[in-house]
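Below is one structure, written out as structure tokens; the observations come after it.
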There are 2 protein chains.
Amino acid sequence: MKDTDDKLTSRNIKPTAMRELVLDILTEQTAAISLSDLEQKFHKSDKVTLYRTLKTFEENKLIHSIDDGTGAVKYALCKESCQCHPEDLHVHFFCIKCQHTFCLSDIPIPSINLPVNFSIENINMVVKGVCSNCNE
Amino acid sequence: MKDTDDKLTSRNIKPTAMRELVLDILTEQTAAISLSDLEQKFHKSDKVTLYRTLKTFEENKLIHSIDDGTGAVKYALCKESCQCHPEDLHVHFFCIKCQHTFCLSDIPIPSINLPVNFSIENINMVVKGVCSNCNE
DNA sequence: AAGTTTATGCAACTGAGTTGCAAACTATTC
DNA sequence: GAATAGTTTGCAACTCAGTTGCATAAACTT
Ligand SMILES: [Mn+2]
Ligand SMILES: [Mn+2]
Ligand SMILES: [Zn+2]
Ligand SMILES: [Zn+2]
């Protein structure tokens, strides 16, 4: 668990057994997962502990949260270099067939021209459609 | 209430007293409103009736819903010409100061190049920041 | 080891959204 | 215009994601 521990400590998160487990699960995922998805990966687990673990991870920018419009917030690992700044923002994709939510980490959110006197802090962009796996 | 009635009937919604009231309230708004916002505009009201009224309006494309990430879906009137097709989609703006959600009806959602074999059905784009009213 | 801080587990709650069902209302048929 | 059928409304009760309070357990500090 040395690598997992390093990832945690490098984000100033104390490496507990629980947190190692959660980070390992998050690392395995190819799609973003919700709190209840995560809960079901454990045989016995406490939702609140997982909830607070995700909160801690997010506050320390180990993961970012995605509101994909399904009603449950999804979480995915940040890249090593990510500081969750505007320049780290990317488009997310929700597949209406497999119901999976993906980070399109290579697709930055296009800039838009707001009306005068509007200032930007953050942008959420979620594309809904069918993913490459589900397109035949 | 002739004008209100016409708007309802032109979208194939039977004009009841309740629906006229709700449409009038929606018409007055400069920002999108949530179900509970709407509920509070009545002295005595039933949340479920308002809920179903909004559902009916949305199904018939009189209004569209906006998931602005605040946890409560907002609703705003569609333009007369709107058919809620991809070409009618526009950017939405959430002001972190006044907490209001606005339709930027004139700003279409920029197109993006998805990875191969991904197909688009729909896009949700919400910009968070400070609106012109709140920027002094 | 004793004391302090931090993490975990359980219970209980909030708030948005939703369903079932009966009463009220509206439209249609005779 | 009354009888009937279909639609809308109001109330109660529920689901589900997220959240808080508090007591116990574990981890650091001296
Ligand atoms: Mn992402
Ligand atoms: Mn809009
Ligand atoms: Zn898919
Ligand atoms: Zn504002």
Side-chain angles (χ1 to χ4, degrees), chain A residues 1 4-5 7-9 11-26 32-60 62-76 94 99 101 124 126, chain B residues 1 4-5 8-9 11-25 32-60 62-76 94 99 101 124 126:
Chain A
M1 290 297 130
T4 306
D5 270 25
K7 268 193 184 160
L8 289 169
T9 48
R11 293 285 189 174
N12 291 313
I13 301 165
K14 285 192 216 164
T16 67
M18 192 75 237
R19 288 169 176 173
E20 283 166 10
L21 281 173
V22 172
L23 176 52
D24 285 344
I25 291 172
L26 285 166
I33 65 172
S34 68
L35 172 58
S36 47
D37 292 338
L38 181 61
E39 204 182 350
Q40 283 161 22
K41 308 245 172 220
F42 290 81
H43 289 101
K44 189 184 167 298
S45 68
D46 178 50
K47 194 182 55 163
V48 178
T49 303
L50 296 175
Y51 166 74
R52 289 196 263 234
T53 302
L54 291 174
K55 272 275 165 107
T56 302
F57 283 9
E58 189 180 12
E59 279 161 14
N60 292 281
L62 180 59
I63 62 176
H64 60 281
S65 63
I66 305 150
D67 184 345
D68 59 11
T70 59
V73 173
K74 304 284 167 39
Y75 300 88
F94 175 73
Q99 306 274 115
T101 300
N124 182 34
V126 178
Chain B
M1 291 293 133
T4 307
D5 270 25
L8 290 169
T9 48
R11 292 286 190 174
N12 292 312
I13 302 164
K14 284 191 216 165
T16 66
M18 192 75 236
R19 290 169 176 173
E20 283 166 10
L21 280 172
V22 172
L23 176 52
D24 284 345
I25 291 171
I33 65 172
S34 69
L35 172 58
S36 47
D37 291 338
L38 181 60
E39 205 182 349
Q40 282 161 23
K41 307 246 172 220
F42 290 81
H43 288 101
K44 188 184 167 297
S45 68
D46 178 51
K47 194 182 56 163
V48 178
T49 302
L50 296 175
Y51 165 74
R52 288 197 264 235
T53 301
L54 291 173
K55 271 277 166 108
T56 303
F57 284 8
E58 189 180 13
E59 279 162 13
N60 291 283
L62 181 59
I63 61 176
H64 60 280
S65 62
I66 307 150
D67 185 344
D68 60 10
T70 58
V73 174
K74 304 283 166 42
Y75 299 88
F94 175 73
Q99 305 273 113
T101 299
N124 181 35
V126 178

Q.
Heavy-atom nearest nucleotide on DNA chain D for B:K14 versus B:K44: which residue maps closer to 5'?
A. B:K14

Q.
Quick check: closest heavy atoms across B:R19 and B:K14, and the distance to 0.1 Å?
A. NH1-O, 3.0 Å

Q: Could you state the atom-to-atom distance from NZ of B:K55 to C1' of C:dG17 in whole Å?
A: 8 Å

**Q.** Which residue lies more 5' along DNA chain C, comparing B:A72 with B:R52 via nearest heavy atoms
**A.** B:A72

Q. Relative to the 5' end of DNA chain C, which residue comes earlier, A:T53 or B:K74, by the nucleotide with the nearest heavy atom?
A. A:T53

Q: Enter the distance from A:L38:CG to A:Y51:OH here, rounded to the nearest 0.5 Å.
A: 14.0 Å

Q: Rounded off to whole Å, could you give me the CE-to-C1' distance for the A:M18 and D:dA27 pair?
A: 17 Å

Q: Establish, with yes or no, whether the OP1 or OP2 oxygen of D:dT8 is under 4.0 angstrom from a side-chain nitrogen or oxygen of B:T16.
A: no

Q. Which heavy-atom pair separates B:T53 from B:M18 by the least distance, and what is that distance?
A. OG1-CG, 4.2 Å

Q) In whole angstroms, how far is the P atom of C:dT18 from the CG atom of B:L50? A) 14 Å

Q | For atom CD1 of A:I13 and atom P of C:dT8, their distance in whole Å | A | 11 Å

(Q) A:T101 and side chain to side chain donor-acceptor pair (under 3.5 Å): which single residue from A:D68, A:T70, A:D67 fits? (A) A:D68

**Q.** Listed nucleotide nearest any side-chain atom of B:V48, set C:dA16, D:dT9, D:dC11
**A.** D:dC11

Q: Considering just the side-chain nitrogens and oxygens of B:Y51, establish if one lies under 4.0 Å of OP1 or OP2 belonging to C:dA16.
A: no

**Q.** Spacing between B:D46 atom CG and C:dC21 atom P, to the nearest angstrom
**A.** 17 Å

Q. Nearest heavy-atom pair of A:I33 and A:I25: which atoms, and what distance?
A. CD1-CG2, 4.3 Å

(Q) Rounded to whole Å, please give me the gap between CD in A:E58 and C1' in D:dG18. (A) 13 Å

Q: Can you tell me the distance, in whole Å, between the CZ atom of A:F42 and the P atom of C:dG9?
A: 10 Å

(Q) Expressed as a whole number of angstroms, how long is the span from A:L38:CG to D:dA17:C1'? (A) 14 Å

